[in-house]
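Heads up, the thing below is written out as C-alpha cells.
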Amino acid sequence: KEKHKILHRLLQNSSSPVDL
Amino acid sequence: SNRDSSPPDNDLEHLSENICKSHMETCQYLREELQPSNWQTVLQTDLDTYQKKSQEDMWQLCAVKVTEAVQYVVEFAKRIDGFMELCQNDQIVLLKAGSLEVVFVRMCRAYNSQNNTVFFDSKYAGSEVFKALGCDDLISPVFEFAKSLTSLQLSEDEIGLFSAYVLMSADRSWLQEKTRVEKLQQKIKIALQNLLQKNQRDEGILFHLWILVIFTHLITVSQVKILLRTVLSALYPETVHTRFPPLYKELFGS
C-alpha cells in the first residue's frame, strides 16, 4: 500500500476532474 | 459468437452509456477546445527553446504533462461500472499498466494530421519539439500511433469504449481476479462491437482497432524501457526524487 499511496488516495477520493 | 452467454442488451446499453458519459466527463479537453485553429503551432523560436532544454528539464516537463493526463484517466476508470468493484490490487495493476496507453489513445483527439503535430504545453507541437528527451525511437511510434488512430475518425463514444477496452485488459501480469476483469473486458468488447455496427462501420475497423491495441502495448513496453534506462536509472536520481510528480514515480517506477 505504501508503494502506491497516491494511487490509493486517488482511488478512494470522490474527486472530479475539476479538482484535478 | 455465442448469443447464449452474452449479457442482456439492457446491461450492455447501460454499460455503453456509462462509459461514454465517463469519457466525456473526464476527457481533460473538449474536442472543440482542441481545434488546431484555436492554438498556435510551435514556432521556430519556441522550438529552439524546447530543443535547448536539458534532457532533465524536458523529461520533467513531459512527466508533469503525462501525470496530469493520467489523473483524468484514473477518474475515467473510477466511473466505469464494475471497476471500483474489482479488488484494489487489480485496480492498481490495470491503471499502472494501462493508463499511459489510454493517454495515447486520447491523443488522437489532440492530433493534427495536416501537419503531424500534437497538442502539448498549450501549443500544437511536432515530433522535433521532443528532441531534447533523447529518445526519437519512442517519439516516432507515438506520433505514428496517433496518426493511425486519427485516420479511423472515431467518434467520441467509440474512443470512450475503445479506451475502456484497452484499460480493462485481462492479460496484465499480477491480476488477482483475472476472471472478473475478463468478464468486464468482454462486456466492453461487445458494447464496442455493437456501437461500431450501429454506426455502420466497415468490419475492417474492428481488426484495425485490435492491431492498435497490440501497438499500444508495444509502445508502453518501449516507454518503460526508455524510462528505466534514461530517467529512473542512476542518471538523474536527484531530479527524479525532487522534481518528478510522485504519481509519475508510482506509475512508472517499477
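In what follows, chains are A, B, ... by sequence order, proteins preceding strands, each numbered from 1.
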Whether over 12 other heavy atoms sit under 6.0 Å from [X] [atom1]:
X      : atom1 : value
B:Q176 : CD    : yes
B:K123 : NZ    : yes
B:K21  : NZ    : no

Ignoring hydrogens and angles, tell me if any N or O in the side chain of [X] forms a donor-acceptor pair with the backbone of [Y] under 3.5 Å.
X     : Y      : answer
A:K5  : B:E250 : no
B:Q91 : A:L11  : no
B:K78 : A:Q12  : no

Report task. Take A:H8 and B:I92, measure what side-chain contact (heavy atoms from CB on, under 4.5 Å) needs, and give me the verdict at the end. Result -> CA-CA 8 Å; A:H8 276 285; B:I92 286 176; 3.3 Å; yes

Query raised in the report: Under a 4.5 Å cut-off applied to non-hydrogen side-chain atoms, are B:L251 and A:I6 in contact?
Result: no

Requested in this report: With the side chain counted from C-beta on, respond yes when A:L10 and B:L247 share a heavy-atom pair under 4.5 Å apart, and no when they do not.
Outcome: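 A side-chain contact under 4.5 Å exists here.
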
Requested in this report: Quick one: list whatever passes ring-ring contact (aromatic ring centres under 6.0 Å, His included) with B:Y111, sequence neighbours left out.
Outcome: none

Requested in this report: Could you pull out all residues at least two apart from B:Y50 that satisfy ring-ring contact (aromatic ring centres under 6.0 Å, His included)?
Outcome: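 Counting only residues at least two positions away or on another chain, B:Y50 forms no ring-ring contact (aromatic ring centres under 6.0 Å, His included).
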
Requested in this report: Could you tell me which portion of B:F76 (side chain, backbone, both or neither) has an atom closer than 4.5 angstrom to a non-hydrogen atom of chain A?
Outcome: neither

